[in-house]
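Working notes, structure below.
All residue numbers refer to positions in the sequence shown, counting from 1.
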Amino acid sequence: MQFARHRRLRQTANLRAMVRETHLHTEDFIYPIFVIEGEKIKNEVPSMPGVYQQSLDYALEDVSEAVDLGIRSIIVFGVPNEKNDIASQAYCEHGIVQRAIRAIKDAFPELVVIADTCLCHYTSHGHCGIVENGTIINDDTLELLAKTAVSQAKAGADIIAPSNMMDGFVTAIRQALDEEGFTYVPIMSYAVKYASAFYGPFRDAAHSAPQFGDRKTYQMDAANRLEAFREAQADVDQGADFLMVKPALSYLDIIRDLKNHFHLPIVAYNVSGEYAMVKAAEQNGWIDEKAVVLEMLTSMKRAGADLILTYFAKDVARWLKGEK
């Protein structure tokens, strides 16, 4: 009787490990932190158990723990005290993100510090750009994004990560960085960012929910695949150094598409809603959190992600070390 015996290579844990095709490594992960104004502040985000808005003193402790676990890169999100319609705290020399970058680079000079470059955390209306008569004005917004990127680079950011989805944002930021002498600072573009229901918990963490309407005029329609190629190609042509897909779990096909078509590092953002669902199910005793998280992140890596931005980064780093 002749047929393939596929189970031969699944008989023991060591045999399965020998032929395993996809592996997670601690250096694959980018760990996000939310830095808030003030001192001795550590507010847990209600919809994201284990994730905190932290003042800089506590944030440095958090980063130190991540470094000790072998995590090599973080991304900094700011939660300012003051907001206005021109997002002035986003590009202020002494803004919360700029201060955080300086302090983190002073303490951990080898750590790769990524600056999220967007305006929604800093605008009073919660949109990612300048608003006139209820419309987000693309080209005026580019000027502010460029100013923000330069201020972050001056503070010591190793990578600029623009997440706004304005047309031409990579060109505007690349030109501004180059003119200020930051030709060596790469851009990690949120190239393919969908208008997703999975962002809700993040908006709690960053206080960035739009005060009117939604972001569907600038973030992508969840039903569209070919549009992702156009967005990514535009960013490649404009000088992006990394391409990000956000969210990750419901867009694994898009991650694979970009991996197959472009020769830049691909980043998957394991977003807040994906994190919150796992945490909620785990707290109810419905799932094995460790097993589910490792399976989710492996699927992102298998789909083609070179890097994964995830709130689970420290947990997974511990698990990979054999810790509980």
Side-chain angles (χ1 to χ4, degrees), residues 30 75-78 85-92 95 97-98 101 114-123 125-132 135-155 157-180 182-196 199 202 206 208 210 214-221 224 227-247 254 258 262 264-267 269 271 309:
I30 300 169
I75 186 166
V76 182
F77 297 97
D85 60 357
I86 57 170
S88 57
Q89 285 299 304
Y91 43 87
C92 175
V97 164
Q98 287 79 0
I101 291 168
I114 304 167
D116 177 74
T117 307
C118 197
L119 306 179
C120 61
H121 315 178
Y122 307 93
T123 54
H125 45 71
H127 278 284
C128 302
I130 297 294
V131 173
E132 291 182 8
T135 299
I136 292 81
I137 307 301
N138 192 93
D139 294 12
D140 290 349
T141 297
L142 297 181
E143 297 179 19
L144 300 188
L145 291 170
K147 287 176 63 175
T148 301
V150 168
S151 73
Q152 293 167 338
K154 287 180 176 179
D158 297 290
I159 298 173
I160 298 300
S163 58
N164 53 90
M165 290 297 285
M166 296 293 117
D167 292 335
F169 68 93
V170 175
T171 286
I173 289 171
R174 182 73 273 157
Q175 181 176 334
L177 290 173
D178 291 354
E179 287 175 353
E180 292 291 333
F182 296 108
T183 56
Y184 55 86
V185 175
I187 295 174
M188 180 182 287
S189 171
Y190 286 60
V192 180
K193 182 177 181 180
Y194 285 89
S196 173
Y199 300 153
F202 176 92
S208 61
D214 54 39
R215 296 180 176 145
K216 292 182 179 179
T217 65
Y218 45 104
Q219 295 176 0
M220 286 177 50
D221 189 319
N224 290 356
E227 185 180 7
F229 291 99
R230 299 195 296 272
E231 287 282 0
Q233 186 65 63
D235 289 2
V236 171
D237 293 344
Q238 293 170 29
D241 300 283
F242 303 78
L243 299 174
M244 186 185 294
V245 176
K246 179 182 181 183
I254 306 300
L258 264 60
F262 300 101
L264 294 179
I266 305 300
V267 185
Y269 195 147
V271 299
L309 199 166

Straight-line distance of [X] [atom1] to [Y] [atom2], nearest 0.5 Å:
X      : Y      : atom1 : atom2 : answer
Gln152 : Ile173 : CD    : CD1   : 8.5 Å
Ser163 : Gln219 : OG    : CD    : 8.5 Å
Met220 : Met165 : CE    : CE    : 6.0 Å
Tyr122 : Ile86  : OH    : CD1   : 14.5 Å
Asp158 : Tyr184 : CG    : OH    : 9.0 Å
Ile159 : Met188 : CD1   : CE    : 4.5 Å

Apply side chain to side chain contact (heavy atoms under 4.5 Å, CB included) to residues Ile136 and Met166 and explain how you reach the verdict. CA-CA 9 Å; Ile136 292 81; Met166 296 293 117; 3.7 Å; yes
Specify the closest pair of heavy atoms between [X] and [Y], including all atoms of both residues, with the distance to one decimal.
X      : Y      : value
Phe169 : Tyr190 : CZ-O, 4.1 Å
Val170 : Ala240 : CG1-N, 3.6 Å
Ile137 : Asp140 : CG2-OD2, 3.7 Å
Asp241 : Pro265 : O-CD, 3.3 Å
Ala146 : Ala172 : CB-O, 3.9 Å
Ala157 : Ala115 : CB-CB, 4.0 Å

For Lys154 and Phe182, what are the C-alpha separation, side-chain angles and deciding distance, and is it a side chain to side chain contact (heavy atoms under 4.5 Å, CB included)? CA-CA 8 Å; Lys154 287 180 176 179; Phe182 296 108; 3.6 Å; yes
Quick check with a 6.0 Å cut-off and a 45 degree axis cone: is Lys246 positioned over the face of Tyr199's six-membered ring?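 The answer is yes; both the distance and angle limits are met.
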Are Lys147 and Tyr91 in a cation-pi contact, defined as NZ or CZ under 6.0 Å from the six-membered ring centre and within 45° of the axis?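 Ring-cation test returns yes.
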Consider side-chain contact (heavy atoms from CB on, under 4.5 Å). Of Asp116, Ile75, Val271, which one does Leu309 pass it with?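 Option passing the side-chain contact (heavy atoms from CB on, under 4.5 Å) with Leu309: Ile75.
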Residues forming a salt bridge (charged side-chain N to carboxylate O under 4.0 Å, His left out) with Asp167, sequence neighbours excluded: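 Salt bridge (charged side-chain N to carboxylate O under 4.0 Å, His left out) list for Asp167, sorted by chain: empty.
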[Y] side chain reached by [X] side chain, heavy atoms, under 4.5 Å:
X      : Y      : value
Gln233 : Phe262 : yes
Asn164 : Thr117 : no
Leu177 : Ile187 : yes
Lys193 : Met244 : no
Phe242 : Ile114 : no
Glu231 : Leu243 : no

With sequence neighbours left out, write down each residue that passes ring pair (Phe, Tyr, Trp, His ring centres under 6.0 Å) with Tyr194, or none if nothing qualifies.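 In terms of ring pair (Phe, Tyr, Trp, His ring centres under 6.0 Å), with neighbours along the sequence ignored, Tyr194 is linked to Tyr251.
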Under the 3.5 angstrom rule, does the side chain of Glu180 hit a backbone N or O of Gln175 as a donor-acceptor pair?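 No.
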